[in-house]
Amino acid sequence: MEVIICSNETKVGEIGAAKVAKLVAEIGSHVVLGIATGSSPLATYHCLANLVASGELDLSMASAFALDEYVGLPVDHPESYHATIARTITEPFRLNPARVHVPDGDPSRLDTAGQRYEAQISAAGGVDVQILGVGANGHIGFNEPTSSLTSRTRVKTLTPRTITDNARFFGSTTAVPRHCITQGIGTIMEARAIVLVATGELKAAAVSAIIEGALTSMWPGSVLQLHPRATCIIDEAAAGSLKLTNYYKQVYANLPDWQRLAVDTN
Ligand code: GLP
């Protein structure tokens, strides 16, 4: 796994955006993006939106697939991932809303929602570039610890830890939905390239488990060790429990020209 350690969250955003833009350039204007919610990728999204605004990046023909959605939250609820994606990605990236997809969390259609979402991803040709955050417990999407490492899009129950972590968006833990629909780990792993961003010391344990720990469903993100093209972009605080920090920095400082990003980590 490629590991890029940045001095702070702003730099994570700049490097994250540069990495995603480079991968998008390889694919072309019809790129299929995999998009994550949560606070972690916001700095990256901000920088990508700036590239779109300045004309350096054109995503008008791109498609996008969100990782997950809460079950039972109306799509127009401000914290639904439908609304969050529209606000933080679709509009600032100038994506065509008709090409932006979010799993269907309507309880009346849940029995088919997973299969329908998988079919939509397949029909688009699969995800080219997946942007990921990570939960403090190592979850990716909403694939909580012990999720099958080959799982497909389906309904999951949120852990108490995730409910507590996400209560900040809802005002209280009781207001957080208990269930979600999420792309499976097997689904996420089919993306052609994956860029995970994480910041802050609360993510240090998960980051260390994912990058340097054993492959285990107890830390779902550790599955990225099996991906041929995964990059973790983290700040110093999130890197706090890593053992090979100096090595990762040395690798980044000595990248061959064709792999270089036009942004410094400091
Ligand atoms: C959320 C999302 C994930 C996200 C993670 C971390 O619950 N379902 O996609 O990566 O938890 O969130 P944050 O970046 O806000 O810490």
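We count ligands from 1, going down the list as the structure has it; atoms in each ligand are counted the same way.
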(message) Counting only heavy atoms closer than 4.0 Å, does ligand 1 sit against the backbone of Gln183, its side chain, both, or neither?
(response) neither
(message) Counting non-hydrogen protein atoms only, what is the nearest one to atom 12 (O) of ligand 1? Give residue, atom name and distance.
(response) Gly38 CA, 3.9 Å
(message) I need the contact type for Asn166 against ligand 1. Using non-hydrogen atoms and a strict under-4.0 Å cut-off, is it side chain, backbone, both or neither?
(response) side chain
(message) Within the 4.0 Å heavy-atom shell around Gly133, which atoms of ligand 1 are there?
(response) 10 (O)
(request) Please report which non-hydrogen protein atom sits nearest to atom 5 (C) of ligand 1, along with the residue it belongs to and the distance in Å to one decimal place. (result) His139 NE2, 3.4 Å
(message) If we ignore hydrogens and angles and just use 3.5 Å, is the side chain of Thr90 paired with the main-chain N or O of Leu95 as donor and acceptor?
(response) no
(message) Residue-level breakdown please: for Val134 versus ligand 1, do any non-hydrogen atoms fall below 4.0 Å on the side chain, on the backbone, on both, or on neither?
(response) backbone
(request) Distance to 0.1 Å, residue and atom name: give those for the protein heavy atom nearest to atom 8 (N) of ligand 1. (result) Asp68 OD2, 2.9 Å
(message) I need the nearest protein heavy-atom contact for atom 4 (C) of ligand 1: residue, atom name and distance, please.
(response) Thr37 O, 3.9 Å
(request) With heavy atoms of Ser39 as the reference, note each atom of ligand 1 found under 4.0 Å away. (result) 13 (P), 14 (O), 15 (O)
(request) Please indicate whether any nitrogen or oxygen in Gly141 is less than 3.5 Å from any nitrogen or oxygen in ligand 1. (result) yes
(request) Around atom 14 (O) of ligand 1, find the nearest protein heavy atom and jot down its residue, atom name and distance. (result) Ser40 OG, 2.4 Å
(request) Determine whether the side chain, the backbone, both or neither of Tyr81 has a heavy atom under 4.0 Å from any heavy atom of ligand 1. (result) side chain
(request) Kindly check if the number of other-residue, nucleotide or ligand heavy atoms within 6.0 Å of CD (Gln115) is above 12? (result) no
(request) Would you mind listing which atoms of ligand 1 come within a distance below 4.0 Å of any non-hydrogen atom of Lys203? (result) 13 (P), 14 (O), 16 (O)
(request) Would you check whether Thr162 has a nitrogen or oxygen atom less than 3.5 angstrom from a nitrogen or oxygen atom of ligand 1? (result) no
(request) Examine distances only and state if a side-chain atom of Gln225 and a backbone atom of Ile210 form a donor-acceptor pair shorter than 3.5 Å. (result) yes
(request) Would you check if Thr182 and Arg154 make a side-chain contact, meaning some heavy-atom pair closer than 4.5 Å? (result) yes
